[in-house]
J.: 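Questions regarding the structure given below will be posed in turn.
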Amino acid sequence: MSNVVDILLKMDAEKIELPKKLVEIKRLSELAGEPIVFEIKALTQTQFEEIQDMSTKFDPISNKADVDVFTIKLETILKGVVSPELKRKELLEHYKVPTPYDLIKKLLVPGEIDKLYNEISDLSGFGEGAVEEVKKS
């Protein structure tokens with residue numbers, strides 16, 4: 001087996017970037033009469049930690065942490081969707097919602113929120129096959 005350090009040192013550090021992909025929201029495409037495609041990207045470690053921190057509340061009385069899973073999903077979508085810009089003022093005004101969270105909940109049904117969250121999570125390395133065991137021969 002090659003020396004992994006040598007291989008990593010040969011790689012161009014400037015070419016390492018977050019994975020991205022395009023996903024179509026089929027229901028919205030049907031409503032619009034044309035494709036509604038979101039560009040999504042993997043989260044950085046810092047973004048992942050921020051989401052975990054903001055979604056976890058510690059209760060000192062019970063000495064337990066309470067995790068708000070829905071906030072994790074919404075914040076992952078906000079940070080993982082490159083386009084459309086879900087914080088854009090014009091979108092919030094057009095759909096008459098006060099926050100980007102409300103926009104997501106207005107545009108997407110629960111299953112679409114889950115699927116979009118899962119797509120971003122997969123790009124962020126949480127999907128099947130991101131890391132695989134190597135069998136020695």
Side-chain angles (χ1 to χ4, degrees):
M1 184 186 265
S2 301
N3 182 339
V4 176
V5 171
D6 290 340
I7 296 169
L8 290 171
L9 289 172
K10 289 179 190 174
M11 288 177 54
D12 184 349
E14 299 300 316
K15 289 187 179 178
I16 295 179
E17 55 186 47
L18 295 173
K20 292 181 182 177
K21 77 187 227 182
L22 300 174
V23 295
E24 182 177 0
I25 310 298
K26 293 281 195 181
R27 183 184 57 82
L28 294 180
S29 293
E30 289 172 12
L31 289 171
E34 57 187 288
I36 301 292
V37 177
F38 284 19
E39 181 181 7
I40 61 173
K41 68 173 178 60
L43 301 178
T44 65
Q45 181 64 36
T46 301
Q47 289 172 318
F48 177 75
E49 290 169 3
E50 288 170 354
I51 292 169
Q52 295 298 313
D53 287 346
M54 72 183 306
S55 304
T56 306
K57 306 284 186 271
F58 183 74
D59 180 8
I61 296 171
S62 67
N63 203 29
K64 292 184 181 177
D66 183 30
V67 177
D68 183 347
V69 176
F70 195 60
T71 298
I72 289 173
K73 289 179 182 182
L74 291 176
E75 197 60 35
T76 297
I77 290 169
L78 270 182
K79 288 185 179 350
V81 172
V82 176
S83 176
E85 163 55 270
L86 297 172
K87 294 180 181 179
R88 194 167 175 158
K89 183 180 175 185
E90 295 91 341
L91 280 174
L92 299 176
E93 288 174 354
H94 179 76
Y95 285 96
K96 297 176 175 68
V97 292
T99 70
Y101 282 9
D102 293 315
L103 178 62
I104 293 169
K105 292 187 281 187
K106 183 146 191 163
L107 288 175
L108 304 175
V109 295
E112 293 165 340
I113 290 172
D114 273 354
K115 289 191 185 306
L116 194 53
Y117 165 78
N118 289 336
E119 290 284 344
I120 295 166
S121 294
D122 287 352
L123 285 177
S124 300
F126 292 102
E128 294 280 326
V131 176
E132 294 182 1
E133 179 181 355
V134 176
K135 307 249 186 211
K136 289 186 177 183
S137 44

J.: Quick one, I40 with K21, criterion side chain to side chain contact (heavy atoms under 4.5 Å, CB included). Give me CA distance, side-chain angles, the key distance, then yes/no.
T.: CA-CA 6 Å; I40 61 173; K21 77 187 227 182; 3.9 Å; yes
J.: If you link I, L, V, M, F, W and Y whenever their side-chain heavy atoms are under 4.5 Å apart, who else ends up in the same group as L18?
T.: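 Besides L18, the hydrophobic cluster comprises nothing; the residue is isolated.
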J.: To the nearest 0.5 Å, what is the distance between CG on L31 and CD1 on I36?
T.: 9.0 Å
J.: The criterion is side-chain hydrogen bond (donor to acceptor under 3.5 Å, both in side chains); which residues satisfy it with E17, sequence neighbours excluded?
T.: none
J.: Out of curiosity, L107 CG to D102 CG, how far, rounded to the nearest 0.5 Å?
T.: 11.0 Å
J.: Could you work out, with side-chain hydrogen bond (donor to acceptor under 3.5 Å, both in side chains) as the rule, every residue matching N63, not counting sequence neighbours?
T.: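 Not a single residue meets the side-chain hydrogen bond (donor to acceptor under 3.5 Å, both in side chains) criterion with N63.
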J.: Please list, chain by chain and in numerical order, all residues satisfying side chain to side chain contact (heavy atoms under 4.5 Å, CB included) with E85, sequence neighbours excluded.
T.: K87, R88
J.: Say you draw a straight line from CD1 of I51 to CG of D68; how long is it, rounded to the nearest 0.5 Å?
T.: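 Atom-to-atom, I51:CD1 and D68:CG are 12.5 Å apart.
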J.: Of the non-hydrogen atoms in G80 and L43, which two are nearest, and what is the gap between them?
T.: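 For G80 and L43, the tightest heavy-atom pair comes out as N-CD2, 3.9 Å.
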J.: I'd like to check the side-chain hydrogen bond (donor to acceptor under 3.5 Å, both in side chains) partners of E112; sequence neighbours left out, ordered by chain and number.
T.: R27
J.: State the CD1-CG distance between I104 and L116, to the nearest 0.5 angstrom.
T.: 8.0 Å
J.: Does some side-chain heavy atom of K73 sit less than 4.5 Å from a side-chain heavy atom of T76?
T.: no
J.: Ring pair (Phe, Tyr, Trp, His ring centres under 6.0 Å): which pairs involve residues 78-99, sequence neighbours left out?
T.: none
J.: Can you list every side-chain hydrogen bond (donor to acceptor under 3.5 Å, both in side chains) pair that touches residues 52-61, not counting sequence neighbours?
T.: D59-S62
J.: Using the side-chain hydrogen bond (donor to acceptor under 3.5 Å, both in side chains) criterion, which residues pair with T46? Sequence neighbours excluded.
T.: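 None.
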J.: Just grab all the ring pair (Phe, Tyr, Trp, His ring centres under 6.0 Å) pairs involving residues 25-46, residues at least two apart or on different chains.
T.: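 Of all non-adjacent pairs touching residues 25-46, none passes ring pair (Phe, Tyr, Trp, His ring centres under 6.0 Å).
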J.: Taking the hydrophobic residues Ile, Leu, Val, Met, Phe, Trp and Tyr, and joining any pair whose side-chain heavy atoms are under 4.5 Å apart, which ones share a cluster with F126?
T.: F48
J.: Just grab all the ring pair (Phe, Tyr, Trp, His ring centres under 6.0 Å) pairs involving residues 96-125, residues at least two apart or on different chains.
T.: none
J.: Please walk me through it: do V97 and L91 pass side chain to side chain contact (heavy atoms under 4.5 Å, CB included)?
T.: CA-CA 9 Å; V97 292; L91 280 174; over 6 Å; no
J.: For A42 versus S124, what's the shortest heavy-atom pair and its separation?
T.: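 Looks like CA-OG, 3.4 Å.
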J.: Can you list the steps and then say if K89 with L92 is a side chain to side chain contact (heavy atoms under 4.5 Å, CB included)?
T.: CA-CA 5 Å; K89 183 180 175 185; L92 299 176; 5.6 Å; no
J.: Could you tell me which non-hydrogen atom of S29 sits nearest to which non-hydrogen atom of E24, and how far apart they are?
T.: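 Taking every non-hydrogen atom into account, OG-OE2, 2.7 Å.
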J.: Which heavy atom in K105 sits nearest to a heavy atom in F70, and how many Å separate them?
T.: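 It is CD-CE2, 3.7 Å.
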J.: Through direct or indirect side-chain contacts below 4.5 angstrom among Ile, Leu, Val, Met, Phe, Trp and Tyr, which residues connect to V37?
T.: L22
J.: So how far is it from Q47 CD to L78 CG, rounded to the nearest 0.5 Å?
T.: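 Reported value, rounded in 0.5 Å steps: 11.0 Å.
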J.: Closest approach of K79 and K41, non-hydrogen atoms and distance?
T.: O-NZ, 3.2 Å
J.: Could you tell me which non-hydrogen atom of L103 sits nearest to which non-hydrogen atom of L86, and how far apart they are?
T.: CD2-O, 3.4 Å
